[in-house]
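Keep in mind that this is a model prediction, so the values were computed, not measured.
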Amino acid sequence: MDRGWFSVPSLLAQQEGASIWAMLIPMLAIVFLFYFLLIVPQRKEQRKRQEMLAALKKNDRVITIGGIYGVVTNVHREADEVTLKVDEATNTKIRVSLNAIARVLQEAPSEEEK
C-alpha cells in the first residue's frame with residue numbers, strides 16, 4: 001500500500017535531511033533568553049539583598065517583611081537574629097530573624113538627591 005506523501009519512510013527521510021542545528025538553535029535561543037531575563041536579574045537581586053544584610057548595623061531604621069518599622073539595637077550574626085526597638089515611648093523591643101529584614105530606610109534625602 002502506497003500512501004503517497006504521508007508514508008513513514010518519507011517522513012523519516014525528511015527528518016534526516018534536516019540539520020540537527022536547525023532544531024537545536026531555537027532551543028538554545030530559548031535557554032539563553034530564559035537565563036538573561038530571569039536568572040541574571042534574580043542573582044543580582046539576591047546579591048544586593050545579601051550586601052544590605054551584611055551592612056546592617058546598630059541604629060539603622062528598617063522595615064521587616066511583616067511591615068514592622070523599627071530601629072536596630074543589636075545584630076547577632078552568629079544567631080541570625082536582630083533586635084529592633086519598635087516603640088520609643090515604652091522602649092518596646094522585638095527579636096526577629098536577620099532574613100526578616102525587608103529593607104533599610106534612609107534617614108533623609110541627601111542634598112544631591114534634592
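- With sequence neighbours left out, the salt bridge (Lys or Arg N to Asp or Glu O under 4.0 Å) criterion links R95 to E81.
- Atom CZ of R43 is separated from atom CG of L38 by 12.0 Å, given to the nearest 0.5 angstrom.
- No side-chain heavy atom of I30 sits less than 4.5 Å from a side-chain heavy atom of L28.
- Qualifying salt bridge (Lys or Arg N to Asp or Glu O under 4.0 Å) partners for K48, counting only residues two or more places apart in sequence or in other chains: none.
- Side-chain contact between N59 and V72 is absent, with no heavy-atom pair separated by less than 4.5 Å.
- Contact check for L56 versus R77: side-chain heavy atoms found under the 4.5 Å cut-off.
- I63 and L98 are not part of a single hydrophobic cluster, where members link through side-chain heavy atoms under 4.5 Å apart.
- Rounded to the nearest 0.5 Å, atoms OG1 (T64) and CZ (R103) are 11.0 Å apart.
- Using a 4.5 Å heavy-atom cutoff, the side chains of N91 and K85 are in contact.
- Each of M27 and V31 belongs to its own hydrophobic cluster when Ile, Leu, Val, Met, Phe, Trp and Tyr are linked at side-chain heavy-atom distances under 4.5 angstrom.
- The side-chain heavy atoms of T83 and I94, taken from C-beta on, include no pair separated by under 4.5 Å.
- With rounding to the nearest 0.5 Å, the separation of CD1 in I25 from CE in M23 is 11.0 Å.
- Checked by atom type and distance alone, the side chain of D60 pairs as donor or acceptor with a backbone atom of K57 at under 3.5 Å.
- Taken together through direct or relayed side-chain contacts under 4.5 Å among Ile, Leu, Val, Met, Phe, Trp and Tyr, V104 and V86 form part of one hydrophobic cluster.
- What you find for I101 and M52 is that their closest heavy atoms are O-CE, 4.0 Å.
- Note on V71: it does not cluster hydrophobically with I68, by side-chain heavy-atom contacts below 4.5 Å among ILVMFWY residues.
- The closest side-chain heavy-atom distance from Q42 to Q46 is below 4.5 Å.
- L84 is not listed as a side-chain neighbour of Y69, based on a closest heavy-atom distance of 4.5 Å or more.
- Taking the side chain as every heavy atom from C-beta outward, L53 and R49 approach each other to under 4.5 Å.
- Note: the hydrophobic cluster containing F34 also contains V40 (ILVMFWY, side chain heavy atoms under 4.5 Å, direct or indirect links).
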